[in-house]
Amino acid sequence: TKSYTIMIDAYGKCNQLARAFTLFYTMTRIGPKPNIVTYNAMIAACARNNEPNMAYEVFEEMQASRITPDKFTYGSLIDACAKSGQVERAFEVSRLMDQSGVIKDQTIYSALIDACGRAKQLDRALLLYEEMKRNAVWPNLVTFAVLIDTCANARRPDRAFQLFSEIKHWGFPRANVVVYTALIDACSKAGWPEQAERVMANMVANGIRPNEISFGALMDGWTKGGQIDRAFEIIERMVNVHQVLP
RNA sequence: GUCAUGAAACACU
């Protein structure tokens, strides 16, 4: 069962969902019997391949086989909803977890906030942030990344900076490249390329190396305002000063 | 003796 599950997981991650299903149904028909990890890997594969309905089908088959879902199961289901923009469905899963007594951890909250972020529902995301702290689930850098990304999507750079300033109070000496890039993106999307530049200068000063995604977010801010020449300058800076290849 | 399964960043689609 373990080896089959490893293969299902690999197929899912290579975007070969059909092959994952073939293997999965071979298991249900002739064995070896799928266990909870197998079902979870299948649901995660559906989530990654943007097939929320298939994820739910596997979830139902899992329950029909009298296997009790765990936090991995629910986490993948929420991710499937988040990626397909179904916020309400994500919250339904959250309620289901409460009913079945499965503890919501950092990963679950990040996935729920991500679902709000994709729907630009910043208020709801902030409520989740408060709720997790109330429940003694401490935010980590992924939490802050999804929160700041939500601010970016909701065009609220002010909130993004506010959240960014809270990071140090949670025991993190510095943010990482993903958090900084999300903050740059928040500035760019809001039409503040100068602020985005300041954030990048700040990240470099703190010893975090921007990558091609960081520069992409920065360029986007300038091109939005029609300053294409600025964007080309950034490409040169990226290659010459920061030694990042386009 | 966590390590077969779950969460985050730009643009294009």
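Only heavy atoms go into these numbers, but all of them, side chains included; no hydrogens, no water, no symmetry mates. The sequence lines fix the lettering, A, B, ..., with proteins before strands; numbering per chain opens at 1.
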* Pairs touching residues 20-39 of chain A that satisfy ring-ring contact (aromatic ring centres under 6.0 Å, His included), sequence neighbours left out ->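 Listed once each, the pairs are A/Phe21-A/Tyr25, A/Phe24-A/Tyr39.
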* Asked: Between A/Phe161 and A/Arg156, is there a cation-pi geometry (under 6.0 Å to ring centre, at most 45° from the normal)?
  -> no
* To do: Let me have a per-nucleotide readout for nucleotides 6-13 of chain B, 5' to 3', with B, S or -, counting only protein heavy atoms under 4.0 Å.
  => BBBBBS--
* Output yes when a side-chain donor or acceptor of A/Asp149 lies under 3.5 Å from a complementary backbone atom of A/Ala145, and no otherwise. =>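 No, A/Asp149 side chain to A/Ala145 backbone: no donor-acceptor pair under 3.5 Å.
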* To do: For the residue pair A/Phe144 and A/Tyr129, categorise the inter-ring angle as parallel (less than 30°), tilted (30 to 60°) or perpendicular (more than 60°).
  =>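 Geometry flag for A/Tyr129 against A/Phe144: perpendicular rings.
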* Electrostatic pair A/Asp98-A/Lys104, nearest N-O below 4.0 angstrom -> yes
* Asked: If the C1' atom of B/rG6 is compared with that of B/rC10, how far apart are they to the nearest Å?
  ->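 Taking atom C1' in both B/rG6 and B/rC10, they lie 25 Å apart.
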